[in-house]
2 protein chains.
Amino acid sequence: MTDSRRRSPVEVEIVPPAACSIDLRLEILGALPFFATLSPEAVAAANERFREQGFVAGETITYSGESAAFLYVVASGQVKLLHHTHAGKDVLLDVLTPGEFFGNLSAQENAVYTETAVAQTGVCVLAVATQAFRAILEQHPAAALAVLDLTNSRLQATQERVRQLSAYPVEQRIAATLLRLAEKLGEEQEMGLLIQTPLSREDLAQMTGTTPESTSRVMSQMQKEGLITSGRQWVAITDQPALAALAEDGLA
Amino acid sequence: MTDSRRRSPVEVEIVPPAACSIDLRLEILGALPFFATLSPEAVAAANERFREQGFVAGETITYSGESAAFLYVVASGQVKLLHHTHAGKDVLLDVLTPGEFFGNLSAQENAVYTETAVAQTGVCVLAVATQAFRAILEQHPAAALAVLDLTNSRLQATQERVRQLSAYPVEQRIAATLLRLAEKLGEEQEMGLLIQTPLSREDLAQMTGTTPESTSRVMSQMQKEGLITSGRQWVAITDQPALAALAEDGLA
DNA sequence: CGCTACGTTGATCGCACTCAAGTATAGTGG
DNA sequence: CCACTATACTTGAGTGCGATCAACGTAGCG
């Protein structure tokens, strides 16, 4: 329709499973936020307990409800976490970037995965048995506290989302969601702050608790007002302050 | 209107702040889920770092946004956690019972409380400086893992709530909320499974992301169908299986 | 016994969902 | 390189769930 809808500026990472391998493992593990305090030897020891796995875009890594014995750490690429509902309406919980983890963390016996994890791009993950991971944390209390902090901040983010869903209309929720994604996946470009991941209207709808149609309407309006630029599977924020004002106060 | 609306069967605990004291502290701390693995000496040592505080019903314990240096453990009574929103619509996050904690857990410097905590009944809480608590966890990795598990299961509960808000209509959300509360605060009585806490239509509305009026309509309907019995500030579940079916499948 | 806050019920309105038709984009194969 | 197809996106019209506004009952408390 307009010149703003050029080709998708999102670079879809092509990470062949082969590239997901041995060389980078120590580097990745050592750089993990929760292993930052470990000595090189401890990292090397922990490394023994992890094994790498590659997935191409679209592949499912864990199915919610399945028996859960592993914890996964994203090494490269992006992973989408989602819930299925009875009504067929999926809910997208989060998009994880390298260094974040998912899977089962709890010690209880018959644990199942509480969410489905899907490779959003080609990804490499490091898997570790839950028990082994807990053993590592038990030996390295600082790491345990770091994991606790991460879980705690995820809890707060999720509570913020409950607040949004409970009290704010669709427009504000979408504005807030775009800002949150930009914070995590944003990349400065001439066109604005591009959200570096393939992101459909349906994905956004599933993140904000609405429908693709409503999402489209709201985003068309935002585009008219010069807040964003978007196309098929991509969004860029062109006026971040105004979008933030919209998210908080509902002022257009 | 009907005979089902007799006097409130909820016993409002009268816990005078004076009763919130020294004798019970060791007992309470030792029984905490996350201190269960500690030796008696370790519990005694930890005890030194806590101090007790009493609040009468309605008093605010922490204000969201305030500078946060403490973590609180509920010793007796109930504490309501809530968020304020710009629009004045409050969101009720949870009702805590003895053994649960709230306040600040993170180490970051300029931390603020992310939620407001209000005494729902008379309560006694044990307060500990965040730093001191973290030091205890660092010395007792098993306790750190236990706290991690608690936080993790709260995260999962909150994610479930996001799913509910995103995908289900008001009636099902209220059904699910009542069941969740009953699981935590339920008490068998002749009239049914009574939710042992003062619980207004507005409280329920704030938990389910709706209005007191809608809550009232839905609950009237449930009462007609024999699923619940309720009155001013109290609710009892009379047909749990049917209510569960309603929550999950939307079938009345 | 009257006051206050909670709860119920009714009428109306509007946001967002649904259903549906049409348009643009990106990848595919000739 | 270009037609072709699949999929994403847009836009419109109609509907309905739940919010809002308002009035009236009712329980509990002083």
Side-chain angles (χ1 to χ4, degrees), chain A residues 1-12 14 57-58 85 87-90 164-175 197-206 208-224 228-236 250 252, chain B residues 1-12 14 57-58 85 87-91 164-175 197-206 208-224 228-235 250 252:
Chain A
M1 185 206 245
T2 81
D3 45 316
S4 67
R5 306 285 179 71
R6 42 196 152 233
R7 281 269 182 72
S8 170
V10 176
E11 302 161 21
V12 185
I14 309 290
T85 65
K89 278 191 183 182
D90 289 354
Q164 294 265 342
L165 286 166
S166 299
Y168 296 104
V170 169
E171 186 181 42
Q172 290 182 56
R173 302 206 303 263
I174 290 181
T197 196
L199 187 71
S200 69
R201 300 293 181 269
E202 178 155 25
D203 289 332
L204 271 170
Q206 289 176 353
T208 51
T210 183
T211 59
E213 292 94 330
S214 290
T215 306
S216 181
R217 277 181 244 275
V218 167
M219 288 177 67
S220 294
Q221 184 61 28
M222 287 176 175
Q223 180 136 321
K224 266 187 205 148
I228 64 172
T229 304
S230 78
R232 188 192 175 98
Q233 302 257 48
W234 63 271
V235 189
Chain B
M1 182 204 255
T2 83
D3 44 316
S4 67
R5 305 287 178 72
R6 42 198 150 231
R7 280 271 179 75
S8 170
V10 175
E11 302 161 22
V12 185
I14 309 290
T85 66
K89 278 193 184 181
D90 289 354
V91 177
Q164 293 267 343
L165 286 166
S166 299
Y168 296 103
V170 169
E171 185 180 44
Q172 291 182 56
R173 302 207 303 266
I174 290 181
T197 195
L199 189 70
S200 69
R201 300 293 180 268
E202 178 154 26
D203 289 332
L204 271 170
Q206 290 175 354
T208 50
T210 182
T211 59
E213 292 95 330
S214 289
T215 305
S216 181
R217 278 182 242 275
V218 168
M219 287 178 67
S220 295
Q221 183 60 27
M222 287 177 175
Q223 180 136 322
K224 265 186 205 148
I228 64 172
T229 304
S230 78
R232 188 191 175 96
Q233 303 258 46
W234 64 270
V235 189

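Just so we're clear, the structure is a prediction, and the values are computed from it rather than from any experiment. In what follows, every chain begins at residue 1, and chains take the letters A, B, ... in the order their sequences are listed.
Picking from D:dA19, C:dT18, C:dA16 the nucleotide with the shortest atom distance to the side chain of A:Thr211 gives C:dT18. When each of C:dA16, C:dA26, C:dT9 is scored by its nearest atom to the side-chain atoms of A:Arg232, the top-ranked nucleotide is C:dA26.
The side-chain heavy atoms of B:Met219 and B:Gln223, taken from C-beta on, include no pair separated by under 4.5 Å.
Interface remark: the A:Arg217 side chain does form a donor-acceptor pair with the C:dT18 base, using a distance-only criterion of under 3.5 Å.
For A:Ser216 (side chain) and A:Pro212 (main-chain N/O), no donor-acceptor pair under 3.5 Å exists by modelled atom type. Side-chain N or O atoms of A:Arg173 include one that pairs as donor or acceptor with a backbone N or O of A:Thr208 at under 3.5 Å.
Between the CZ atom of B:Arg201 and the P atom of C:dT9 there is a distance of 10 Å, given to the nearest Å. Following rounding to the nearest Å, A:Met219 (CE) and C:dA16 (P) show an atom-to-atom distance of 16 Å. Atoms CD (A:Glu171) and P (C:dG14) sit 17 Å apart, rounded to a whole Å. Summarising the geometry, the separation between CD on A:Glu213 and C1' on D:dT11 is reported as 10 Å, rounded to the nearest angstrom. The distance between atom CE of A:Met222 and atom P of D:dT10, rounded to the nearest whole Å, is 13 Å. As a whole-Å value, the separation of A:Gln233 CD from C:dG27 C1' is 12 Å. Rounded to an integer number of Å, the gap from A:Leu204 CG to D:dT10 P is 11 Å. Atom CD1 of B:Ile174 and atom C1' of D:dA19 are 13 Å apart (whole Å).
Separating the CD1 atom in B:Ile174 from the CD atom in B:Gln172 is a distance of 11.0 Å, to the nearest 0.5 Å.
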- Query: Checking side chain to side chain contact (heavy atoms under 4.5 Å, CB included) for the pair B:Val170/B:Arg217: CA distance, chi angles, key distance, verdict?
  - Reply: CA-CA 10 Å; B:Val170 169; B:Arg217 278 182 242 275; over 6 Å; no
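OP1 or OP2 of C:dT8 has at least one side-chain nitrogen or oxygen of B:Ser216 nearer than 4.0 Å. Distances shorter than 4.0 Å separate some side-chain N or O of A:Ser220 from OP1 or OP2 on D:dT11. Residue B:Ser214 has a polar side-chain atom (N or O) positioned under 4.0 Å from OP1 or OP2 of D:dA19.
Using a 4.0 Å heavy-atom distance criterion, B:Pro169 is classed as a sugar-phosphate-only contact.
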